[in-house]
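Report on the structure given below.
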There are 4 protein chains.
Amino acid sequence: MSALQIRKAPRQRRAVHTVDALLEAAALVLEADGLEGFNTNAVARRAGASVGSLYQYFPSKDALTLALVLREKRKFHEALVAAQALPTCREALASLVDLSARQQLTRPNLARLLDQEEARPEFRAALGDGSNFRLVLSAMLAMPGAPAHLCEDQPRRGRAADDLAAMIRGMTDAAGERGERDVDDLAYRIGAAVFGYLAVPPRQM
Amino acid sequence: MSALQIRKAPRQRRAVHTVDALLEAAALVLEADGLEGFNTNAVARRAGASVGSLYQYFPSKDALTLALVLREKRKFHEALVAAQALPTCREALASLVDLSARQQLTRPNLARLLDQEEARPEFRAALGDGSNFRLVLSAMLAMPGAPAHLCEDQPRRGRAADDLAAMIRGMTDAAGERGERDVDDLAYRIGAAVFGYLAVPPRQM
Amino acid sequence: MSALQIRKAPRQRRAVHTVDALLEAAALVLEADGLEGFNTNAVARRAGASVGSLYQYFPSKDALTLALVLREKRKFHEALVAAQALPTCREALASLVDLSARQQLTRPNLARLLDQEEARPEFRAALGDGSNFRLVLSAMLAMPGAPAHLCEDQPRRGRAADDLAAMIRGMTDAAGERGERDVDDLAYRIGAAVFGYLAVPPRQM
Amino acid sequence: MSALQIRKAPRQRRAVHTVDALLEAAALVLEADGLEGFNTNAVARRAGASVGSLYQYFPSKDALTLALVLREKRKFHEALVAAQALPTCREALASLVDLSARQQLTRPNLARLLDQEEARPEFRAALGDGSNFRLVLSAMLAMPGAPAHLCEDQPRRGRAADDLAAMIRGMTDAAGERGERDVDDLAYRIGAAVFGYLAVPPRQM
DNA sequence: TATGAATGAGTGTTCATTCAT
DNA sequence: AATGAATGAACACTCATTCAT
């Protein structure tokens, strides 16, 4: 069993509650005290549990962090899948951008710190090297209305997806850090970057 | 004397060498072992010096980190200033994008980790709250050829500078992390995002 | 929570035992190795515990020292209060002197070093600026049979209390350091100084 | 050569000056920053010298401290010797008390800290186990007018000298620490204790 | 199963002392 | 002789993890 997998699936209702409490406590600690204050004792205390309990469910601190990352990604990812059902590339991307901005501004500090954690090498393997986000983006770039030069060139599409993901992540992180609150405005500006990027023809070397 | 200022200027040649060795060792340790392995003993060892020497010149670990950040920024910033001398907004921005890509791909892991460190609250004050990069960007957006709606609206220009800085940083970080090596290609794609973003009219609310 | 307060009350029996062991170990280390050898690792080792345990209960080395000071004062102070119940100033003071001599000669090195620690500015606040000892002395100088010029002049009484405290502390410390063992003899000599001092009329300026 | 002896007698005038400067710097650092701030680098800096120079003249930090102790004692001791020339025990003691008070209140923090250092076991040997002060006191207790029971009983006289030394030291230290400034008042009160003590007949066991 | 006490390797930092220049 | 750069053992303190109860 990998050291990052959850240790045991909680079966009893009480156990489920404990796991949830621990995850939310982890989120709260991260938001309140940053990575500096994020330690297992603080999380357990905040959850009203003991460190021992924490280690019953999470084999390591990293496993806890990873579980939190996944929890935050889950809801977001479900919404993303729905966005994929939209008819055109443009609509799908616009929806994705909107969701990203909304997700980030909901709990900005949490989202930013988890973005950072996500990047740690220890997690890359566990998260699948191409994150879901990147795959969804790449798929969207093959939808009707997407730039022709991307539709049929998969490597190029992957590269574009990487770029868009990086732009979106960069802009949402920064906006959250600055304390922005207006989701629509942020989404509009990210859209400008995204669609502006896509409008440019590929480079002739 | 702030706890982040360098402790004493090295006077003897030997001392200058030690300080340089310490800074370069800090860079190497960061690149090789990441923030996890970045500790003062490791840095001193790698520099072929003792911890004591490190603390002769840097009053704290943070001071060392800050000095490294500044060292990396210095050359970059000088080039930026030269870019500002270009006649048009487009040329200046293109140059800035090129410099950013080049800077990042030169020592990608170092640049990315220092970006991260730079964002820590302890450093914000010491680095001047608006980083130089943002100010330069904002100035460029007031140069001839810049979008009209930005030239005369300073707050909007500041916001645009923030966005561009975030996009550029996001894309360069990600490219470096992926191991990209082609500076020109990266610069072209970032340019697409930057100029695409600027081509979009401001949002009507 | 002040950095000098105990960190958490030990709840389990094992924890109580650890705290006691740590305090006694601190006393033993001080006695055996003096302030020079008094470090947290040594204390923990002597207690058969780990540094980690020490810091579970004491937030800092100073907190440990303070706790030890208070532990040593506690018993002594209870006896002092009993002495205050005696009918006359003379009896009360005699009892106080006796208690002081006894306290000091019980663990002379410990008492002396703690006297020294007690005087450190960090502790003054936590110990109450006028130590209990001084206050008790001052109260005794207002009891029946006390010199008339002190009974009614509170500032002068405070000064006299300071002087007596200083004499007693000086003599007990020195006796302990010399290795004296005869409590009664020491008490007699201190009494000579104390009552001699009080017998002298106030200075006419 | 003991590690506490001064390393070499300074012969050149410049060397004498350096040694003096170092000693005075040590005193100033002790007064300003206490034992906590008393380190060789700080002393050298304050003296306008280098650590290297310090170690040219003093083989160790303790040697420096000891030299400072001796410097402070020297002037005092010369005055004490003069006091011994007075005709009666009472006059001699009164003079000694006056000198002690004056000495302490001149540089109270320095005197107190040096008293503390003096007591460290490392120094006991170097200072001669019975300090000069104690010997002078003992001699005075054999002068005309001294209590009969002391004149002829040398051990008892030694004991009384110890007690008086301890009282005087305790009272002067405390007065200095409290910030008292009135030498005469302090001397009067110490005199009360001293002569009061001597007036009491020896204990019958 | 849950608790929280215990562990100890690891980290930042200081400072007495040495020694090349 | 003088300088001050260099050394490194030592210390206070943290925190992920284990385990007795």
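These numbers come from a predicted model, not from an experiment.
- Put simply, CG on A:L66 is 16 Å from P on F:dA16, counting in whole angstrom units.
- Note on A:S53: every side-chain N or O is 4.0 Å or more away from OP1 and OP2 of E:dA2.
- In this structure, B:E24 pairs ionically with B:R71, as a charged nitrogen and a carboxylate oxygen lie closer than 4.0 Å.
- Here the CG-CD distance, from B:L66 to B:Q5, works out to 7.5 Å after rounding to the nearest 0.5 Å.
- At the phosphate of E:dC15, neither OP1 nor OP2 sits under 4.0 Å from any side-chain N or O atom of D:T40.
- Rounded to whole Å, the distance from CG on B:N41 to P on F:dT7 is 13 Å.
- Contact of C:Q56 with E:dA5 (side chain to base): no donor-acceptor pair of N or O atoms is detected under 3.5 Å.
- Proximity of B:Y55 to the phosphate of F:dT7: no side-chain N or O atom is located under 4.0 Å from OP1 or OP2.
- Rounded to an integer number of Å, the gap from CZ of B:R45 to C1' of F:dA6 is 17 Å.
- Within the 4.0 Å cut-off from OP1 or OP2 of F:dC11, at least one side-chain nitrogen or oxygen of C:N39 is found.
- If you check every strand for non-hydrogen atoms under 4.0 Å, C:Y57 touches sugar and phosphate atoms only.
- Regarding B:D62, its CG atom lies at a distance of 10 Å from the P atom of E:dG12, rounded to whole Å.
- The CG-P distance, from A:D33 to F:dT14, rounds to 15 Å in whole Å.
- Note that CD of A:Q116 and CG of A:D173 are 8.5 Å apart. Values are rounded to the nearest 0.5 Å.
- D:L64 places its CG atom 11 Å from the P atom of E:dT17, with the value rounded to the nearest Å.
- Atom-to-atom, CD of C:E36 to C1' of F:dC11 comes out at 13 Å; the value is rounded to the nearest Å.
- Toward the 5' end of DNA chain F, the nearer of the two residues A:K61 and D:G48, judged by each one's closest nucleotide, is D:G48.
- Of the nucleotides present, F:dT3 is the one that pairs with E:dA20 by Watson-Crick or G-U wobble criteria, both distances under 3.5 Å.
- Between the side chain of C:T18 and the main chain of C:R14, a donor-acceptor pair closer than 3.5 Å is present.
- In the set E:dT13, E:dA6, F:dT17, the nucleotide with an atom closest to the side chain of C:S50 is E:dA6.
- Nearest-nucleotide assignment on DNA chain E puts the 5′-proximal partner with A:A49, out of A:A49 and C:R14.
- Nucleic acid contact class of C:T18 (heavy atoms, under 4.0 Å, all strands): sugar-phosphate only.
- A:R124 has a carboxylate O that lies under 4.0 Å from a charged side-chain N of B:E177, or vice versa, which qualifies the two as a salt bridge.
- In this structure, D:G52 and B:S60 both approach DNA chain E, and ranking their closest nucleotides by distance from the 5' end singles out B:S60.
- Atom CG of D:L35 and atom P of E:dA16 are 12 Å apart (whole Å).
- Annotation: the span from C:F38 atom CZ to C:L64 atom CG amounts to 5.0 Å, rounded to 0.5 Å.
- Across the strands present, E:dA9 finds its partner in F:dT14; the criterion is a Watson-Crick or G-U wobble pair with both atom distances under 3.5 angstrom.
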